[in-house]
Amino acid sequence: MTEYRRAIDGRIFALFYVIPFPENVSMVAPKDLQFNNLINDLIKEKFLTVTDAQKYYQAAQKEEVSLINYLVTNNIVNSTLIASKISMEFGVPFFDLDAIDLRHVPRDLVSSALMKKHHIIPLHVRGMTLFVAISDPLSFQGFDEIKFHSHLNPEPICVEEPKLVNAIEKLLEIANLVMSDLLDSDLDNLNMGGQIDATDIGPTSDLYDAPIVRFVNKILLDAIKTGASDIHLEPYEKIFRIRYRADGMLYQVAAPPISIANRIVSRIKVMSRMDIAERRVPQDGRIKMILSKSRAIDFRVNTCPTLFGEKVVLRILDPASAQLGIEKLGFELDQQKLFLDAIHKPYGMVLVTGPTGSGKTVSLYTGLNILNTPERNISTAEDPVEITVEGINQVNVHPKAGLTFASALRSFLRQDPDVIMVGEIRDLETAEIAIKAAQTGHLVLSTLHTNDAPQTLNRLMQMGIPAFNIVSAINLIVAQRLTRRLCEACKTLTYYPDDFLLKSGFKADELGTLKLFKAVGCDLCTHGFKGRVAIYQVMTLSEKMRSLILQGGNAMQLSEQAAAEGINDLRASGLNKVRLGMTSLEEIDRITIEN
């Protein structure tokens, strides 16, 4: 009997063809018995003759390789046939390595030396089980060593020998990124604005060792090229892992030797103007990478002491991201009109809400860029300033020095402002000053961390802002999330049952015309997605909404009133993106809650 089993975490997309493993057969049964059974099948089906089998066996012995390896390497028997025969003979799942993205296998669990020694690669972790790709279970004796190093129970997955060879080579290339591709001349000469002068530290220091300098430069450049938003450098007891966050998801890109971890971290600290001798407390810094006369990228750097060294996270701050244009943000036409109308009013408050990493800053700076004209005085207070824009007066708040959001706002109000942007309303004092500024002839833009637009009104009331001040000051509330955009090159049509679509939020009268797509994955994207687009809930305060706020209405009542007025919530906006083929239903399910 057979069964089909699909890995549930989305990393492995192919089906495992599983033959139940006979209870009375050991995975390490005598080699000659296993060998004879497999070869007998090949002879019986006329893929080999008895004479040829004996000849190839002797040749394999001379080359000190297994017979399977010899048959496949010399193209005597098709590799897919061999793998499927092994799968059927020993009850080992058969897997197509072409169906997995090797960048995301858990390679940190098995060292490069073990991969080469045992001719395996790790595929997937489920609970305490590590699925390991092998091509020749007949001669495999490395499970105990893999279990010792990974602290997991290895389970064999049969794959084709040529594909395994190629996969191991690719994984070793990734693991050896420290020493590969580091001879590009431009890596030595990057203009790093945050780098200190060579006179500040000895010229023989490891911090100016050419391979380390080139490697750090390459990590930064590759992150920009791939569109990553963050870089994570994480030291552990035996490994040093480097990951990028792209389209909101973290992916491992390199695993340099743990022996050079401190040198890499120290190099980044030098570039960020941090104290390289201090490793006991977190530090903050900044790097500027000048790519050309017209483009520079900033990196906001933070270090945090962990059990095995300092973890470093770099946030990539690209000013170009704030110049997308209002049309590219993801607003629907009616939402875009409401947003533009609100920011062009001479006074009042526009609030953008959502969790960290939901694109609030980009939305606000898109609005500020529209308003940034010589006729307006624009000031911002942020912690920290992430995107620098010429023509806007930007202030980094510094609570330890007494420069808080509230004190910066008070200073702005004495400097004849037209537009004020507050990075975040965190406390009652900041909220009161922002509300008063919005009521006295200034346009105020700010953010809050709430789940949706109606909850923002409740949060302000819970802070202690009187309801009459809220209704008189707020012009617009925008809640937003970022969803991954389907790759146009590989997305494919998919089918869902009607009852599932109805439950997901689609209407009965559109079921017959819906064209929904799913992620596939290709060389041009990451797991079927490329880039992100925002979904929005844009809410103005109608007379009924203002009346409800003055009566002390809660978030549920406010949400019901917003729905009655035809204001799309985040899920409804997300489903519109699904209808347009911009994203998948699974992606919307991931970032929103069904009503």
Checklist entry - N372 side chain to L368 main-chain N or O, any donor-acceptor pair under 3.5 Å? => result no
Checklist entry - Using 4.0 Å as the upper bound for N to carboxylate O, is an ion pair formed by K345 and D341? => result no
Next on the checklist: Tell me if the aromatic rings of Y536 and F331 count as close, with their centers under 6.0 Å from one another.
Outcome noted: yes
Checklist entry - Taking NZ, NE, NH1 and NH2 as the nitrogens, is one of them in R243 or E234 under 4.0 Å from a carboxylate oxygen of the other? => result yes
Item to check | Test applied, side chain to side chain contact (heavy atoms under 4.5 Å, CB included); reference residue, P256; option that passes from I219, I242, L233, I239 | outcome: I242
Checklist entry - Which atom names give the shortest non-hydrogen contact between V350 and A342, and what distance separates them? => result CG2-CB, 3.9 Å
Item to check | Any donor-acceptor pair under 3.5 Å from S446 side chain to V422 backbone | outcome: yes
Checklist entry - So which heavy atom on A479 is nearest to which on L570, and how close? => result O-CD2, 3.6 Å
Checklist entry - Could you go step by step and tell me if T226 and Y251 meet the side-chain contact (heavy atoms from CB on, under 4.5 Å) rule? => result CA-CA 11 Å; T226 57; Y251 303 108; over 6 Å; no
Checklist entry - In this structure, are over 12 heavy atoms from other groups packed under 6.0 Å from L333 atom CG? => result no
Checklist entry - So which of V165, L164, N166 actually passes side chain to side chain contact (heavy atoms under 4.5 Å, CB included) with I168? => result L164
Item to check | Distance (rounded to the nearest 0.5 Å) between K288 NZ and I297 CD1 | outcome: 9.0 Å
Checklist entry - Passes side-chain contact (heavy atoms from CB on, under 4.5 Å), T380 versus I420? Steps please. => result CA-CA 6 Å; T380 74; I420 297 171; over 6 Å; no
Checklist entry - Can you tell if the side chain of K515 reaches within under 4.5 Å of the side chain of L493, non-hydrogen atoms only? => result yes
Next on the checklist: Could you report the tightest heavy-atom contact between C522 and C487, atom names first, then the distance?
Outcome noted: SG-SG, 3.8 Å
Checklist entry - Counting N and O atoms only, with roles assigned by atom type, does the side chain of T447 sit under 3.5 Å from a partner on the main chain of G423, one being a donor and the other an acceptor? => result yes
Next on the checklist: Any side-chain to backbone donor/acceptor pair from K530 onto R485? Under 3.5 Å, distance only.
Outcome noted: no
Next on the checklist: So, taking the atom named NZ in K503 and the one named OH in Y496, what distance separates them when rounded to the nearest 0.5 Å?
Outcome noted: 14.5 Å
Item to check | Rounded distance [0.5 Å steps], CG in D230 versus CZ in R315 | outcome: 4.0 Å
Next on the checklist: For G581, is there any backbone N or O sitting under 3.5 Å from a side-chain donor or acceptor partner on K491?
Outcome noted: yes
Checklist entry - Do T540 and N475 have side-chain heavy atoms sitting under 4.5 Å apart? => result no
Checklist entry - What distance separates R241 CZ from L250 CG, expressed to the nearest 0.5 Å? => result 8.0 Å
Item to check | Contact check, side chains of V132 and L130, non-hydrogen atoms, under 4.5 Å | outcome: yes
Checklist entry - Of I212, V312, I231, L220, which meets side chain to side chain contact (heavy atoms under 4.5 Å, CB included) against I268? => result V312
Checklist entry - Does L364 reach the side chain of M421, with side-chain heavy atoms less than 4.5 Å apart? => result yes
Checklist entry - Side chains of L314 and I287: closer than 4.5 Å at any heavy-atom pair? => result yes
Checklist entry - Any salt bridge between D589 and R571, counting N to O under 4.0 Å? => result yes
Item to check | More than 12 heavy atoms from other groups under 6.0 Å of NZ on K163 | outcome: yes
Checklist entry - Does the side chain of L541 reach to within under 4.5 Å of the side chain of M539, using non-hydrogen atoms? => result yes
Next on the checklist: So P355 and R481, do their side chains get closer than 4.5 Å, heavy atoms only?
Outcome noted: yes
Checklist entry - Is it true that the side chains of N576 and E332 contain a donor and an acceptor less than 3.5 Å apart? => result yes
Checklist entry - Hey, does the side chain of Q561 reach the backbone of M545 with a donor-acceptor pair shorter than 3.5 angstrom? => result no
Next on the checklist: Test your reading of the model: is there a side-chain donor-acceptor pair from R300 to the backbone of D284, 3.5 Å cut-off?
Outcome noted: no
Checklist entry - How many angstroms lie between atom OG1 of T450 and atom CG of D452, to the nearest 0.5 angstrom? => result 6.5 Å
Item to check | Under-4.0 Å salt bridge between R484 and D247 | outcome: no
Next on the checklist: Regarding S358 and Q480, do their side chains bring together a donor and an acceptor under 3.5 Å, going by distance alone?
Outcome noted: no
Checklist entry - Please walk me through it: do S542 and E565 pass side chain to side chain donor-acceptor pair (under 3.5 Å)? => result CA-CA 9 Å; S542 64; E565 295 177 6; 2.5 Å; yes
Checklist entry - Taking all atoms of both residues into account, what is the closest heavy-atom pair of H449 and G354, and its distance? => result CD2-O, 3.3 Å
Item to check | Donor-acceptor under 3.5 Å (T129 side chain, V125 main chain) | outcome: no
Item to check | Nearest heavy atoms of F529 and C525, plus distance in Å | outcome: O-CB, 3.3 Å
Checklist entry - So M271 and V301, side-chain contact (heavy atoms from CB on, under 4.5 Å) or not? Walk me through it. => result CA-CA 10 Å; M271 296 164 67; V301 188; over 6 Å; no
Checklist entry - Checking side-chain contact (heavy atoms from CB on, under 4.5 Å) for the pair I588/T483: CA distance, chi angles, key distance, verdict? => result CA-CA 7 Å; I588 296 302; T483 176; 4.0 Å; yes
Checklist entry - With a 4.5 Å limit on heavy-atom distance, are the side chains of V538 and N568 in contact? => result no
Item to check | Flag, side chain of E510 to backbone of K507, donor-acceptor distance under 3.5 Å | outcome: yes
Checklist entry - If you look at every heavy atom in S504 and L585, which pair is closest and at what distance? => result OG-CD2, 3.8 Å
Checklist entry - For the atom pair CD (E155) and CZ (R126), what is the distance rounded to the nearest 0.5 Å? => result 8.0 Å
Next on the checklist: Using a 3.5 Å distance criterion without hydrogens, assess whether the side chain of T494 forms a donor-acceptor pair with backbone atoms of L516.
Outcome noted: no
